[in-house]
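Chain letters run A, B, ... following the sequence lines, proteins first, then strands; residues in each count from 1. In this text the structure is predicted, and so the values were computed from the model without any measurement.
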There are 2 protein chains.
Amino acid sequence: MREGSIRTTSFDVAALAGVSQSAVSRAFKPGSSIAAETREKVLDAARKLNYVPNSIASSLTTHRSNIVAIILGDLNNPFYTHVLQTFGRELQALNRHMLVFTLTEDMHTDDAIMQLLPYQVDGVILTSAQLSTRMVGMCHDRGIPVVLFNRYIPNTGAFGVRCDNPAGGRQIAEAFLAAGARTFAMITGDPKGTTSADRATGFVDRLLDAGIPRSAINSYEGGSSYEGGVEAAKAMMANDATPPDAIFGINDIMAMGAMDVLRIEYGLRVPEDVMVAGFDDIPEGARLPYRLTTVRQPINRMVRATLDLLNLENPDSSVDIASDLPIGGHLVWRNTIPPAKSE
Amino acid sequence: MREGSIRTTSFDVAALAGVSQSAVSRAFKPGSSIAAETREKVLDAARKLNYVPNSIASSLTTHRSNIVAIILGDLNNPFYTHVLQTFGRELQALNRHMLVFTLTEDMHTDDAIMQLLPYQVDGVILTSAQLSTRMVGMCHDRGIPVVLFNRYIPNTGAFGVRCDNPAGGRQIAEAFLAAGARTFAMITGDPKGTTSADRATGFVDRLLDAGIPRSAINSYEGGSSYEGGVEAAKAMMANDATPPDAIFGINDIMAMGAMDVLRIEYGLRVPEDVMVAGFDDIPEGARLPYRLTTVRQPINRMVRATLDLLNLENPDSSVDIASDLPIGGHLVWRNTIPPAKSE
DNA sequence: CTGAAAGCGCTTACAG
DNA sequence: CTGAAAGCGCTTACAG
């Protein structure tokens, strides 16, 4: 049985401090016109009463909640755990808070948006695909900016922050070619998203440019998870007993899954028997058993670009469109591609 | 430049539907006394206007936000990613939302609580330690239940949901003993929390009971992370060139870090040269390279117990204290401890 | 700089 | 079942 807690309001504080309720409100708002002395009196009284302003009430008048919604599609990929952590830190610094939605089988992006609309959030960050134009409209009508993270959806009118995925794919292709690879496999991620497709396109285009025949490039779906990477590698080996020279995991976690099966179940050595590369540069891929060569996604810059586009501080001003441009990633050389062959 | 979005309120819907504003409010509240026909009219009008009730406004009157705060101490341990995912799913089912705080260097639990107090959350879930009694008081005064997850703090008056950690530690000790181990190392986690200490205590007690001398049990701090596990294993090897018979990682992620160094840098085989066990049963520990023997934390049951103690549905009723009892975990046999020796 | 008062968008007794 | 009205706890012109 919880006792009926008596709520302390700004009126109680005003009474104790001997000022008006307006003064209490002003005391808690930085930059408002109030005498330093009055503010002190109020703050003292508030301290004595353990008073904390009710942001629900203030949101109602200001139409700002200081809450940003973040919709997470896939926590099975540690990349997004790092993303969440980074957003948490940066939002913290801006004095904003995160309302987090983790998508499940029966809840899609649109449902999540419908659920967050009532909360009058100041913005929404989307790390999952499949957003409908209608939902972008719902947000837009309410003045809620939405920005996609690590993806974009053409013609939705929502910003899409991402790194230069095609360029990254090309860099991996070049590294493989330089190391002498001539046959290839790709393990692809979410077929509905732009990210996997863009990386694959860059990769394949560069290979074709180098004169590699299309028939020397196979592709397997890995569903963006470790387990998917495992299954894709098995499918690949079932398909053809001799592995390709090089495997491009469209993200690190799938590359890691593939490496594990290839080494443990098929006794293959990386990179001696088969080269591997990933994409993202998650810390997990840098660990001892993997030392994965990959393309680093500039998470910090991507997060900051996202926040810029959300334009939290000054919602009525226009936004710097340049933040919507792809950000360059760069190749991180580790041990899963041998150094270039000088022939 | 975002256009000044015109807010649609219940009054607009009422006007269109030709009913009172109260009727609109009732139409959206399940179980309220309203004619089915009236509700339909309202819902139709709402649909036409893309109206969604403003929960900020309703929270102000009802004093319920339907938001639960969850404070995450350590996303470097994947266990907590899984915990977050589980809470997300269960809270979803209860139509509640999560305000997530990720703790950083310069933000501690108490700061996070101070930040969430203004939001009138319906409850707070804490997966980090170091909560002050004063903060529990602040929450209590406001009628906000707080429950600790995977830890407890004696005498704070906050519930602490956890699995039976001492029993888990004992089970690991028994498995090691049965497999013939006679010298031991522990890699411990957060020294300020109860969880690591409880597991260690159960482990050591069981060993001592079996006549193992205290001098045969060494302990290394691993800071609850993969990297910490790596460092602890290195420290162990530096300390004594011959490894112990068995290593107990107080959690899986540290055990995984230790396994990786031991095998890759020291060429040791697991379990032939050194046995290893963890605690938590994170999916990552079940992967091919590890196949880690561990104690499963019953996350689903722990999450449900937490939600029970939060008592979201009926905040004025009393809570089932039994949910505060430790929940049994069980040993998951995999490949890092050989089967019992029959001598 | 300060206070009285209207208003933010709902919910919920109250009366009918 | 329905509507008019007070109230939730703030913010912010407005007047002084």
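- Here the side chain of B:L60 is nearest to one of C:dG3, D:dC10, C:dG9, namely C:dG9.
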Let me check something: any side-chain donor-acceptor pairs from residues 26-35 of chain B under 3.5 Å, sequence neighbours excluded? List them with distances.
{"from": "B:S32", "atom 1": "OG", "to": "B:R26", "atom 2": "O", "distance (Å)": "2.7"}
{"from": "B:S32", "atom 1": "OG", "to": "B:K29", "atom 2": "O", "distance (Å)": "2.7"}

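- In this structure a side-chain-to-backbone donor-acceptor pair under 3.5 Å is missing from B:T109 to B:L131.
- Separation of the P atoms belonging to C:dC1 and C:dA5 is 23 Å when rounded to the nearest angstrom.
- When only modelled atom types and interatomic distance are considered, A:N150 and A:Y80 share a side-chain donor-acceptor pair under 3.5 Å.
- The CG-P distance, from B:N54 to C:dC8, rounds to 12 Å in whole Å.
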Could you spell out the base pairing of DNA chain D as a dot-bracket line? Use Watson-Crick and G-U wobble contacts where both distances are under 3.5 Å, [ ] for crossing pairs, | for partners on a different strand. |||.||||||||.|||

Output side-chain donor-acceptor pairs under 3.5 Å for residues 96-105 of chain A, partner residues at least two apart or in another chain, one line each.
{"from": "A:R96", "atom 1": "NE", "to": "A:N66", "atom 2": "OD1", "distance (Å)": "3.3"}
{"from": "A:R96", "atom 1": "NH1", "to": "A:L94", "atom 2": "O", "distance (Å)": "2.6"}
{"from": "A:R96", "atom 1": "NH2", "to": "A:L312", "atom 2": "O", "distance (Å)": "3.3"}
{"from": "A:H97", "atom 1": "NE2", "to": "B:Q115", "atom 2": "OE1", "distance (Å)": "2.7"}

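- With A:D141 contributing its side chain and A:M138 its backbone, the two residues share no donor-acceptor pair below 3.5 Å.
- Of all nucleotides listed (D:dG9, D:dA4, C:dA4), C:dA4 comes nearest to the side chain of A:S20.
- Contacts between residues 30-53 of chain A and DNA chain D, defined by a heavy-atom separation below 4.0 Å, involve A:Y51, listed by number.
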For B:D44 and B:K41, run salt bridge (Lys or Arg N to Asp or Glu O under 4.0 Å): C-alpha distance rounded to whole Å, both residues' side-chain angles, the deciding distance at 0.1 Å, then the answer. CA-CA 5 Å; B:D44 272 348; B:K41 262 197 304 194; over 6 Å; no

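- For A:S10, a side-chain nitrogen or oxygen approaches OP1 or OP2 of D:dC10 to under 4.0 Å.
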Protein-nucleotides 12-16 of chain C N/O pairs under 3.5 Å:
{"from": "C:dT12", "atom 1": "OP2", "to": "B:K29", "atom 2": "NZ", "distance (Å)": "2.7"}
{"from": "C:dA13", "atom 1": "N6", "to": "B:R26", "atom 2": "NH2", "distance (Å)": "3.1"}

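- Cation-pi geometry between A:R162 and A:Y152 is satisfied (NZ or CZ under 6.0 Å from the ring centre, within 45° of the ring normal).
- Residues passing the side chain to side chain contact (heavy atoms under 4.5 Å, CB included) test with A:N314 are A:N311, A:S317, sequence neighbours excluded.
- Looking at B:S20, its side chain does come within 3.5 Å of a backbone N or O of B:A23 through a donor-acceptor pair.
- On the P atoms, C:dT2 is 22 Å away from C:dA6, given to the nearest whole Å.
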